[in-house]
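Notes for the one structure printed next.
In listed order, ligands and their atoms are each counted from 1. When a residue number appears, it is its place in the shown sequence, counting from 1.
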Amino acid sequence: MPPIQPGVTALGHGPAELPDMAGFYARSGNAAAGMAEALLAELEGAAATACFSAGAAAAQAVLAGLQPGDHLLLEAAGYYEFREVISRFCARWGIAVSLVDMTDPAAVAAALRPGQTRLAWAELPTNPLWRVPDIAGLARLVHGAGGKLLVDATVATPVLARPIALGADWVLHSATKYLNGHGDLVAGALSCARLDDDWTEILRHRTAAGTLLPPFEAWLLLRGMRTLALRVEAASRTALRLATWLATQPAVSAVHYPGLPAHPQHALAAAQLEGGFGAMLSFQLTGGRAAALWVAERTKIFRRATSLGSTESLVEHRRSTEGDSSLCPDDLLRLSIGIEHAGDLLDDLAAALAAA
Ligand SMILES: *Cc1c(COP(=O)(O)O)cnc(C)c1O
């Protein structure tokens with residue numbers, strides 16, 4: 001097991017030596033973060049990975065590389081907080097943003113501005129309807145216009161998806177979620193397909209902003225990642241079982257899960273994801289908002305809270321969390337499936353739905 005090395009500086013850099021930027025001064029690197037980065041780069045099939053103090057910090061490092069006058073394509077139905085943060089950043093710095101449905105290649109092609117579009121920001125899958133874009137198709141379109149493709153694959157995890165092999169330039173993870181997986185750490189990771197000037201800028205921004213993942217946190221992340229595959233596989237199996245069951249319930253009007261044959265991108269999901277369809281699902285209630293709120297309050301194993309990707313199962317009325325700018329249906333509950341006994345989780349939902 002790696003030791004935790006909190007030292008701020010390192011001995012052994014003679015005056016003739018160039019500083020080793022990964023260990024020279026603690027704002028630019030630490031041993032545990034370096035180990036987590038090496039492990040993630042291998043999982044992603046990436047040229048390199050950089051760990052950050054949050055997924056949001058990784059996003060800021062990418063945004064900081066944009067210039068006034070650039071154009072950015074952003075998934076319209078993606079993670080709401082990033083939609084707000086990115087839109088505000090771009091408005092302030094004179095960067096044009098087009099919100100598009102990345103599952104619609106014609107819409108993406110129409111929104112691209114060749115020579116001006118620097119970046120397309122997709123999610124695999126989108127949150128909270130879990131729609132699945134065609135990463136290889138997107139990469140072709142975006143590269144054709146001279147831009148780069150970033151995929152936020154937080155929900156897919158590197159266990160189920162490797163976007164770089166499909167053509168993505170950057171893969172972002174909120175390591176707060178599945179990578180750590182124990183609900184006790186905020187962290188981010190960004191991986192790149194190749195080492196280029198943009199990547200150097202991203203590392204420079206991390207050092208300048210001081211958003212590296214610190215040693216204790218990186219150590220926790222390494223510990224969490226030891227069980228990543230086991231957790232994701234178990235939770236995905238349970239999610240498929242619950243989604244399949246929910247789709248048969250009269251109190252449920254719609255189930256959103258890429259593993260269901262009725263999902264609009266089921267075939268694409270099966271082709272791009274390996275070993276499962278992920279552990280996030282959402283469902284809508286025939287009884288509307290009131291029924292949704294009621295069920296969320298009555299489950300006992302599913303705890304009512306936001307966030308995802310941890311060992312414990314969570315239920316959330318997503319519209320309430322997202323607030324005024326939410327595009328989420330009001331009758332929708334979002335489930336993050338944990339690693340509890342699948343039968344217990346099903347019984348828990350069944351009891352709450354029966355009472356509703
Ligand atoms: C949570 C989340 C983020 C933000 O990451 P933080 O670690 O909270 O900064 C980004 N994308 C997705 C899909 C998320 O779920």
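Atoms of ligand 1 found under 4.0 Å from any heavy atom of Gly55, numbered from 1 in the order shown, are 5 (O), 6 (P), 7 (O), 9 (O). Within ligand 1, the atoms closer than 4.0 Å to a non-hydrogen atom of Ala56 are 5 (O), 6 (P), 9 (O), numbered from 1 in the order shown. In the vicinity of Thr176, heavy-atom distances shorter than 4.0 Å reach the ligand 1 atoms 6 (P), 7 (O). Applying the 4.0 Å criterion to heavy atoms of Leu308 picks out, from ligand 1, the atoms 15 (O). Applying the 4.0 Å criterion to heavy atoms of Asp152 picks out, from ligand 1, the atoms 10 (C), 11 (N), 12 (C), 13 (C).
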Inset, instruction - Go through Asp104 and Arg131 one step at a time and tell me if the salt bridge (Lys or Arg N to Asp or Glu O under 4.0 Å) criterion holds. - result: CA-CA 11 Å; Asp104 179 352; Arg131 296 198 173 124; over 6 Å; no

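Within a 6.0 Å sphere centred on CZ of Arg223, heavy atoms belonging to other residues, nucleotides or ligands number 12 at most.
Note: Phe277 and His263 fail the aromatic proximity criterion, with ring centroids not under 6.0 Å apart.
In this structure, atom 8 (O) of ligand 1 lies nearest to the protein heavy atom Ser174 OG, 4.0 Å. Looking only at heavy atoms of the protein, atom 2 (C) of ligand 1 is closest to Lys177 NZ, 2.5 Å. Taking atom 3 (C) of ligand 1 as the reference point, the nearest protein heavy-atom neighbour is Tyr79 CE2, 3.4 Å.
At a heavy-atom cutoff of 4.0 Å, ligand 1 is contacted by the backbone of Ala187 but not by its side chain. Residue contacts with ligand 1, taken as heavy atom pairs separated by less than 4.0 Å, do not involve Leu172 at all.
Taking the ring axis of Phe52 as reference, the NZ or CZ atom of Arg206 stays within 45° of it and closer than 6.0 Å to the ring centre.
Tyr79 and Phe82 have perpendicular rings, their planes meeting at more than 60° on a 0 to 90° scale where under 30° would count as parallel.
Residues Thr207 and Ser28 bring no donor and acceptor atom of their side chains to less than 3.5 Å of each other. Side-chain polar atoms of Thr321 and Glu316 form a donor-acceptor pair below 3.5 angstrom.
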